[in-house]
Amino acid sequence: QVQLVESGGRLVQAGDSLRISCVGSGYSFGQYAMGWFRQAPGKNREFVSSLDFGGSITYYTDSVKGRFTISRDNLKNTLYLQMNSLKPEDTTLYYCTAGNVPTRNQTEYKYWGQGTPVTVSS
């Protein structure tokens with residue numbers, strides 16, 4: 001069956017860097033666009049970043065531009081999110097997702113992981 005498994009989330013301090021990962025299985029990883037979304041308790045899930053199946057076209061929400069970098073390794077079926085200059089407001093659960101296009105619209109995505117928690121202390 002299809003699985004997306006995130007990892008790497010942990011407690012860090014403001015200003016630190018962290019890389020989270022997502023391993024996909026059970027589907028043709030390299031043929032799907034991928035994305036990262038995040039959701040804090042009591043809030044709507046929001047778009048963070050996405051990239052096309054080849055990794056050459058990327059999108060970011062304004063609040064993470066210049067700090068976060070999305071990438072993928074299709075040989076390892078792995079998606080990454082490098083997060084630099086982390087802020088307390090980046091604290092939340094991060095989800096990876098796979099779909100046909102690298103859209104900001106979460107309803108366009110087909111598969112979702114269970115999330116990995118990132119906590120940034122001030």
Side-chain angles (χ1 to χ4, degrees):
Q1 72 278 19
V2 173
Q3 279 193 313
L4 291 174
V5 180
E6 302 94 336
S7 64
R10 60 182 177 88
L11 172 65
V12 296
Q13 292 189 336
D16 282 354
S17 296
L18 182 68
R19 189 178 77 167
I20 57 176
S21 304
C22 171
V23 177
S25 61
Y27 72 104
S28 299
F29 182 90
Q31 295 182 13
Y32 280 75
M34 300 290 295
W36 288 100
F37 285 73
R38 62 188 183 185
Q39 185 173 21
K43 294 188 176 181
N44 293 329
R45 188 173 298 181
E46 65 170 352
F47 170 80
V48 177
S49 180
S50 62
L51 79 174
D52 70 327
F53 67 93
S56 60
I57 300 174
T58 59
Y59 300 99
Y60 298 93
T61 192
D62 286 347
S63 62
V64 308
K65 280 181 182 177
R67 298 190 299 124
F68 291 10
T69 302
I70 190 171
S71 63
R72 65 191 298 163
D73 185 338
N74 287 342
L75 293 179
K76 296 182 178 179
N77 284 8
T78 303
L79 175 72
Y80 303 101
L81 187 66
Q82 176 68 43
M83 303 182 287
N84 298 330
S85 303
L86 281 161
K87 304 176 182 180
E89 51 262 44
D90 295 319
T91 295
T92 188
L93 201 60
Y94 284 75
Y95 298 89
C96 75
T97 184
N100 291 324
V101 292
T103 176
R104 297 169 181 263
N105 185 352
Q106 60 180 301
T107 65
E108 302 272 354
Y109 288 92
K110 191 172 183 179
Y111 307 124
W112 289 87
Q114 295 300 306
T116 186
V118 173
T119 303
V120 184
S121 66
S122 58

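All heavy atoms count here, side chains included; hydrogens, waters and symmetry mates do not.
Taking OG1 of T69 as the start and CE of M83 as the end, the distance is 11.0 Å to the nearest 0.5 Å. Atom OG in S63 sits 4.5 Å away from atom CZ in R38 (nearest 0.5 Å). Rounding to the nearest 0.5 angstrom, the gap separating the CD atom in Q13 from the CG atom in L86 is 11.5 Å. Annotation: the span from C22 atom SG to Q3 atom CD amounts to 10.5 Å, rounded to 0.5 Å. Here I20 contributes atom CD1 and L81 contributes atom CG; the two are 4.5 Å apart, rounded to the nearest 0.5 Å. Atom-to-atom distance recorded for S21:OG and R72:CZ is 13.5 Å, nearest 0.5 angstrom.
Linking ILVMFWY residues whenever their side-chain heavy atoms come closer than 4.5 Å, directly or via other members, places V2 and L79 in the same cluster. No chain of hydrophobic side-chain contacts below 4.5 Å, direct or via other Ile, Leu, Val, Met, Phe, Trp or Tyr residues, connects F47 to V101. Following chains of ILVMFWY side-chain contacts shorter than 4.5 Å, one cannot reach F53 starting from L51, and the two form parts of different hydrophobic clusters.
Judged by distance alone, with hydrogens and angles left aside, the side-chain atoms of W36 form a donor-acceptor pair with the main-chain N or O of Y80 at under 3.5 Å. In this structure, the side chain of T78 engages the main chain of K76 through a donor-acceptor pair within 3.5 Å. When atom types are taken as modelled, the side chain of Y60 and the backbone of G66 share no donor-acceptor pair closer than 3.5 angstrom. Not a single donor-acceptor pair under 3.5 Å links the side chain of N77 to the backbone N or O of Y27. Within the 3.5 Å criterion, the main-chain N or O of Y59 finds no donor-acceptor partner in the side chain of R104. For the pair S121 (side chain) and V12 (backbone), a donor-acceptor distance under 3.5 Å is present. Counting only distance, with no hydrogens or angles, the side chain of Y95 and the backbone of E6 share no donor-acceptor pair below 3.5 Å. Between the side chain of T92 and the backbone N or O of Q39 there is at least one donor-acceptor pair closer than 3.5 Å. Between the side chain of T97 and the backbone N or O of W112, no donor-acceptor pair lies under 3.5 Å. When atom types are taken as modelled, the side chain of D52 and the backbone of G55 share a donor-acceptor pair closer than 3.5 angstrom.
Of all heavy-atom pairs spanning I70 and T58, the tightest one is CG2-CG2, 3.8 Å. Counting all heavy atoms, side chain and backbone alike, Q106 lies closest to R45 at NE2-O, 3.4 Å. Here the shortest heavy-atom pairing between S122 and A14 reads CA-CB, 4.3 Å. Here the closest non-hydrogen pair linking S17 and Q82 is CB-NE2, 3.9 Å. Contact record, L18 with G9: CD2-CA, 4.4 Å, taken as the closest heavy-atom pair.
Around atom CD of Q114, no more than 12 heavy atoms belonging to other residues, nucleotides or ligands sit under 6.0 Å away.
Taking the six-membered ring where tryptophan is involved, the planes of Y109 and F37 are perpendicular, since the angle between them exceeds 60° and thus also 30°.
The existence of a salt bridge linking K65 and D62 is confirmed by a sub-4.0 Å separation between a basic side-chain nitrogen and an acidic carboxylate oxygen.
Taking the centre of each ring, Y32 and Y111 come in below the 6.0 Å mark.
Residues D90 and V118 have side chains not in contact (no heavy-atom distance under 4.5 Å, counting atoms from C-beta outward).
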